[in-house]
Amino acid sequence: MKRSERIVAMTHHFKENPRKLISLPYFVDSFQAAKSSVSEDIDIIDEMFQSLGIGRIETTAGASGGVRYIPDFNHDQGRQFIDRLIHVLEDPNRILPGGYVYMSDILGDYNYIRETGKVFGAAFKDVDLDYIVTVATKGIPLAYAVAEVLNVPVVIIRRDPKVTEGSTVSINYVSGSSRKIQTMALAKRSIQEESNVLLIDDFMKAGGTIKGMENLMQEFNATVKGIAVLAEAEDEDEERRVEDYVSLLKIQEVNERSGAIKVIPGNYFNS
Ligand SMILES: O=P(O)(O)OC[C@H]1C[C@H](OP(=O)(O)OP(=O)(O)O)[C@H](O)[C@@H]1O
């Protein structure tokens, strides 16, 4: 197999298996190529990935070593994506009663979801995770988009325990967005004890939902390694219950009467 053909095949394999350790003998055997040739191929791919801003190839030495594609996303491209999203969101017709913003079309458009997954994937690319955890319903597409980039399974917390889930652990919480006591339930068998998890949701207002997710993770002795929300909004009459989170958008002002809506980049772009 010629170098150019090997590089196409290896690039495809890396993109299909993000963050997975791949031994050099795997490539040597697959392409019947010398180890030195494969190493040079990998250097070329690594250099091109980095120049495109889509990640790097991490090498682990030793007998159980190998190479791993760590996805990344060019920060400027991420910012350009968010600026496009802000332009789409700053539409008075999106204002809903109670100062909410209609975003379901965004969550239904895979192009937006895929880009969001790449930005969050870059934000948490080096974090060791066992699960990406979200809560039904609107957080689900985001969770799968990030799961695809980080190669991590998704766990969905439900609001209504179902017999099809087996025995469940549940907690009560107050979602500032609906100001009512709600229940979150998660099947006992869905998360191993002592797991590392990333919490993700589409929207955070008072933070009660995320706080509920954190409390539920404590029931599994899981460690929350990160919290990601696509959009956050100020909740003027409730102090934020959640501090350490990453947001891509911040809904700064929503005024039903005047139709004013102001959206700015989230804290991910503050650094
Ligand atoms: O920070 P908080 O004040 O708790 O609000 C954020 C909640 C409310 C809203 O969910 P809902 O629209 O209630 O439910 P669903 O996602 O099923 O549409 C949103 O998706 C977050 O989960």
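The model shown is predicted, which means the values in this text are computed figures rather than measured ones. Counting starts at 1 for both ligands and their atoms, following the listed order.
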So does Arg19 pair up with Glu58, basic N to acidic O under 4.0 Å? no
Inspect the contact between Arg56 and Asp72 and indicate whether a charged nitrogen and a carboxylate oxygen are less than 4.0 angstrom apart.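 No salt bridge links Asp72 with Arg56.
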side-chain contact (heavy atoms from CB on, under 4.5 Å) with Ile156: which of Ile132, Val133, Val135, Ile140? Ile140
Does [X], backbone or side chain, put an N or O under 3.5 Å from an N or O of ligand 1?
| X | value |
| --- | --- |
| Ala206 | yes |
| Gly207 | yes |
| Gln182 | no |

Any idea which part of Thr137 is under 4.0 Å from ligand 1, heavy-atom wise: side chain, backbone, both or neither?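 Both parts.
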Specify side chain, backbone, both or neither for Asp202, according to which of its non-hydrogen atoms lie closer than 4.0 Å to ligand 1.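 Looking at Asp202 and ligand 1, just side chain atoms fall under 4.0 Å.
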In this structure, is the centre-to-centre distance between the rings of His13 and Tyr69 below 6.0 Å?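 Here the rings of His13 and Tyr69 have centres that are no less than 6.0 Å from each other.
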Give me the ring orientation class for Phe14 and Phe49: parallel if the planes are under 30° apart, tilted from 30 to 60°, perpendicular past 60°.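 Aromatic pair Phe14/Phe49 classed perpendicular.
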Rounded at 0.5 Å granularity, tell me how far OG in Ser247 sits from CZ in Phe203.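 Rounded to the nearest 0.5 Å, the OG-CZ separation comes out at 11.0 Å.
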Just jot down the ligand 1 atoms closer than 4.0 angstrom to any heavy atom of Ala136, in number order. 16 (O), 17 (O)
Among Met204, Lys205, Met213, Arg159, closest by any non-hydrogen atom to atom 10 (O) of ligand 1: Arg159
